[in-house]
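Let me begin by presenting the structure, written as structure tokens, before commenting on it.
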Amino acid sequence: MRAFTLDASGWHDRAEGFRAILAVLEAPDWHGANLDALLDSLRGGVNGVEPPFALTLTGMPAHLAGFGEALAEVFAQATREGIAVSLHFRG
């Protein structure tokens, strides 16, 4: 399984988070920067990086805790659908 780690400590808003996540997933330029689009692309056939993979976010700023929770729910939904992806948070 491929594993990716992103340092979220410098993210100021959700837009920066989406840009970083979509970049690591090698998403196409037309990929939407929202949770629904992310879930759709995790299902496969869109991004350069396909499941299985694990993503770890480090240093998530406190003001983006809600964004982190929303991302966790998207990855949990993908997992419930049988998609081999995981999201972890560290320090």
Separation between CZ of R14 and CG of L71, rounded to the nearest 0.5 Å: 7.5 Å
Table please: side-chain donor-acceptor pairs of residues 84-91 below 3.5 Å, with sequence neighbours left out.
{"from": "S86", "atom 1": "OG", "to": "H88", "atom 2": "NE2", "distance (Å)": "3.1"}

Distance-minimising heavy-atom pair for D7 and S9: OD1-OG, 2.7 Å
Distance (rounded to the nearest 0.5 Å) between R80 CZ and F75 CZ: 13.0 Å
A33 versus L22, closest heavy-atom pair with distance: CA-CD1, 4.4 Å
Donor-acceptor contact below 3.5 Å, side chain E16 vs main chain H12: yes
Hydrophobic cluster identity match, V24 and V46, side-chain contacts under 4.5 Å: no
Determine all donor-acceptor pairs shorter than 3.5 Å in which one atom belongs to a side chain in residues 47-62; sequence neighbours excluded.
{"from": "N47", "atom 1": "ND2", "to": "S41", "atom 2": "OG", "distance (Å)": "3.1"}
{"from": "E50", "atom 1": "OE1", "to": "G45", "atom 2": "N", "distance (Å)": "3.2"}
{"from": "E50", "atom 1": "OE2", "to": "G45", "atom 2": "N", "distance (Å)": "3.0"}
{"from": "T58", "atom 1": "OG1", "to": "L6", "atom 2": "O", "distance (Å)": "3.3"}

L25-L35 co-clustered via ILVMFWY side chain contacts under 4.5 Å: yes
ring-ring contact (aromatic ring centres under 6.0 Å, His included) pairs, two or more places apart, involving residues 14-48: F18-F67
Rounded distance [0.5 Å steps], CD in Q77 versus CG in L42: 10.5 Å
CZ on R43 to CD1 on I83, rounded to 0.5 Å: 6.0 Å
